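Note that the coordinates shown come from a computational prediction; the quantities given were computed from them, not determined experimentally. Position 1 is the first residue of the sequence, and the numbers go up from there.
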Amino acid sequence: MTVPPEELRSAADFPPTTRERWRELALGVLRKSGVEAGSPEEALASLTYDGVTIAPLYDASDLPDDPGLPGAAPYVRGARPEGGSWEVRQRHEVADPEAVLADLENGVTSLWLALEPEDLPRVLDRVHLELISITLDAGERTREAAEALFAVAEGKRAAAAGRLRAPGESASAGSAGPADGRGPAGEREPGELAGNLGADPLRDPRTAIDLARRCVADLPGLRAVVVDGTPYHDAGGSDAEELGCSVAAGVAALRILTGAGLGVDEAFGQLEFRYAATADQFLTIAKLRAARRLWARVAEVCGAGASGHGAGQRQHAVTGSAMMTARDPWVNMLRTTLACFAAGTGGADAVTVQPFDARLGLPDAFARRIARNTHALLVEEAGVARVIDPAGGSWYVERLTEELAGKAWEWFQEIERAGGMAAALESGLVAGRLAATWERRSENIAHRRDPITGVSEFPDLAERVPVRRARPGRAGGVRYAQEFEALRDLADAQESRPKVFLATIGPVAAHTARASFAANLFQSGGIATVTAAPPGPGADPAAVAAVPGVDPGRIAAAFAASGAEVACLCSSDRLYGEHAEAVAAALRQAGARKVWLAGKGEFAGVDANLYAGCDALGVLRTTFDDLGVAR
């Protein structure tokens, strides 16, 4: 059907909307839903772990001050004025030259090498260093790893000086992009290095100083220092806590480098920051934007940027380890895709996507392929990198960026008042703050207010978890799924899987929702659920009246036949009122050790309740105890 032009309406034809009108309409809907609140903001707003309010509605009045332009202070909109794609940085923890080449030939443009120094020559033998960037992660052996990398580069330069590359020779590096923001990688000379040496001034100031001096003097494409915020995230910390700790650590690094004689701009130019990117895309976008704003403020106070470079924060985003699961690991592909999208949208200069099987051990070739193809999908197909600061101007993102930066700056100032990052770490100030946040986060995970798909929600007891080789020197840190997964492991280890009988009362329409809820909860701990089929006649008044006070029908018989020792009633509130006590009594008589009820309400014979927001981990642990499973 074609609409005549005279009937088409433009936006100007609609009456203007106001926040007050929205409040009026929203309150009407809330009241119909039984929610009583003074305002829709009060009813619908939520708080982050940093105390930042996430409002249900934003408008132009929420915009903070002008965030500036891309490539200009305060760098909220990005450190690169030209925009473009991020470096695709793949991590390698074992010396596997073929795996490295496979990555470079299929889209990876940057290597993150957590290898022993003696392995670097073999791994990099066929790699054209001038076409990629390299970041080292050698811990206490950082100096040795850096020297090994320098030796490899020198060998390649010497070899290049004695020959010309054959026409059409492969670079073994795919379509490498810009390295370290210093121009197209292909413009570098053979063997010329770009990337980061991975030094940590707080752990080894002497090595950081020596490497920074060498980079400043002879290696303009290299930075010496990584300021890593991911350990604070992996300890269960919040976004603002990760930001505040990273800024404090960055300031501590500046003090060490400038104290050793480097200029302010030189010191700023030696730092790269690493942050965790999570499946909470908006908080990740805001975190990276806020990080640049915070660091720009530090640069302003220090007087950096006079030489035209160094003040903008260079960022490496890594899909977070804490959110990754060992159970239903395929869901990790979705988590890392969201995180990669958020990192790119937030303006990260380099992004690492962890393989979906990272929690199981060393990734296989398929997992590495999916990880690098996540970048390709977002860049080539979705076109995420075609727009500079795609989140810029969003009322929500701009306000969230500003408020997150404010919370992070307060935490940074608290660390500074305590004597700086080294003193705050030694005194336990940082550890105490992170532990307190992890405790609050753990409580929300236990109550499934922070759901974990495939683990605390929608678990698959029949899944076949892939087997992987153990990872060398695997890093610590918390895992959001760790308590649920520990119970799954315990259930799997039993000779016979623990089970709970779901006593469904009444027709399917009456019990399906609560039976599904109860099954989901019990299965999140590896406990199987069994149900009478077809549904028992518990809601039939004639059947209940046949034997006064109890229902000895198929519900109790099915329970006895199931071999279960714990039962859970599942039905509607109305049918609970009519039959819960009779069915509970029948289950007791049939040998039930414990009787749960899915929903709220107290009934004789019912021990406890399951409901949305209850302590799911507590329910599971109690059930293991009731079933005699040692924990």
Side-chain angles (χ1 to χ4, degrees), residues 1-67 76-77 238-240 278-287 289-290 334 338 341-342 345-346 382 387 389-407 440 444 447-451 453 457-458 509-510 512-514 516-517 520 572-574 598-601 611-614:
M1 176 180 175
T2 302
V3 179
E6 62 272 13
E7 294 185 19
L8 293 174
R9 303 175 69 187
S10 67
D13 296 324
F14 290 89
T17 58
T18 64
R19 188 181 286 262
E20 289 68 28
R21 178 58 177 159
W22 172 81
R23 287 194 181 105
E24 178 184 338
L25 295 172
L27 273 176
V29 174
L30 288 169
R31 285 168 182 157
K32 288 180 181 178
S33 303
V35 178
E36 293 297 330
S39 70
E41 288 89 350
E42 177 186 337
L44 300 174
S46 61
L47 286 177
T48 70
Y49 285 102
D50 295 305
V52 174
T53 299
I54 306 298
L57 180 71
Y58 291 84
D59 60 26
S61 66
D62 292 298
L63 284 176
D65 295 337
D66 183 2
V76 173
R77 305 200 61 194
S238 66
D239 297 285
T278 73
D280 191 329
Q281 62 176 2
F282 287 110
L283 271 174
T284 296
I285 292 169
K287 178 167 69 175
R289 299 171 96 246
L334 307 180
L338 279 168
F341 167 82
T345 301
V387 178
D389 187 28
S394 161
W395 301 325
Y396 171 37
V397 172
E398 297 291 4
R399 172 51 56 185
L400 186 58
T401 298
E402 185 73 9
E403 294 189 4
L404 190 58
K407 295 289 185 180
R440 288 187 288 129
N444 284 335
H447 288 74
R448 302 198 300 175
R449 290 188 288 264
D450 287 356
T453 304
E457 298 282 356
F458 313 114
T512 294
R514 280 175 168 158
S516 298
F517 171 83
N520 194 28
S572 65
D573 290 343
R574 181 181 65 81
K600 295 184 178 180
Y611 51 88
C614 72

| task | Can you sort out the partners of Tyr49 under ring pair (Phe, Tyr, Trp, His ring centres under 6.0 Å), two or more places apart, ordered by chain and number? | result | none
| task | Go through the steps for Arg440 and Asp450 under the test salt bridge (charged side-chain N to carboxylate O under 4.0 Å, His left out), then give the verdict. | result | CA-CA 11 Å; Arg440 288 187 288 129; Asp450 287 356; over 6 Å; no
| message | Looking at every non-hydrogen atom in both residues, tell me the closest pair between Arg449 and Pro451 and how far apart they are. | response | O-CD, 3.3 Å
| said: Does any part of the side chain of Ile54, heavy atoms only, come nearer than 4.5 Å to the side chain of Leu400, both counted from C-beta? | reply: yes
| said: Whether Lys407 and Asp239 form a salt bridge (side-chain N of Lys/Arg under 4.0 Å from carboxylate O of Asp/Glu) is what I want to check. | reply: no
| query | Would a 4.5 Å heavy-atom cut-off, applied to side chains only, mark Pro56 and Trp22 as touching? | reply | yes
| said: How long is the straight-line distance from CZ of Phe282 back to CG of Leu338, given to the nearest 0.5 Å? | reply: 10.5 Å
| query | For Thr278, does its backbone N or O pair with a side-chain atom of Thr284 as donor and acceptor, under 3.5 Å? | reply | yes
| remark: The reported gap from CG in Leu27 to CD in Glu36 (rounded to nearest 0.5 angstrom) is 9.5 Å
| Is it true that atom CZ of Phe517 has more than 12 heavy atoms of other residues, nucleotides or ligands lying nearer than 6.0 Å? | yes
| field | Heavy-atom side-chain proximity of Leu30 to Leu44 below 4.5 angstrom | value | yes
| said: I'd like to check the side-chain contact (heavy atoms from CB on, under 4.5 Å) partners of Glu20; sequence neighbours left out, ordered by chain and number. | reply: Thr18, Arg23
| message | Would you compute the distance between atom CG of Leu404 and atom NZ of Lys287 and round it to the nearest 0.5 angstrom? | response | 8.5 Å
| note | On a heavy-atom basis, the closest approach of Ala342 and Ile285 is O-CG1, 3.5 Å
| Taking all non-hydrogen atoms of both residues, which atom of Pro390 and which atom of Thr345 are closest, and how far apart? | CG-CG2, 3.5 Å
| remark: Quick note, side-chain hydrogen bond (donor to acceptor under 3.5 Å, both in side chains) partners involving residues 53-64, not counting sequence neighbours, are Arg19-Asp59, Arg19-Asp62, Asp59-Ser61
| query | Has the side chain of Ser33 got a donor or acceptor atom that lies under 3.5 Å from a matching backbone atom of Val35? | reply | no
| field | Closest approach of Gly392 to Arg77 (non-hydrogen atoms, all atoms of both residues) | value | CA-NH2, 4.2 Å
| Thr453 side, atom OG1; Leu334 side, atom CG - distance, nearest 0.5 Å | 8.5 Å
| Within-4.5 Å side-chain heavy-atom neighbours: Glu402 and Val52 | no
| said: Using every non-hydrogen atom in the two residues, find where Gly51 and Leu47 come nearest and quote the distance to one decimal. | reply: O-CD2, 3.6 Å
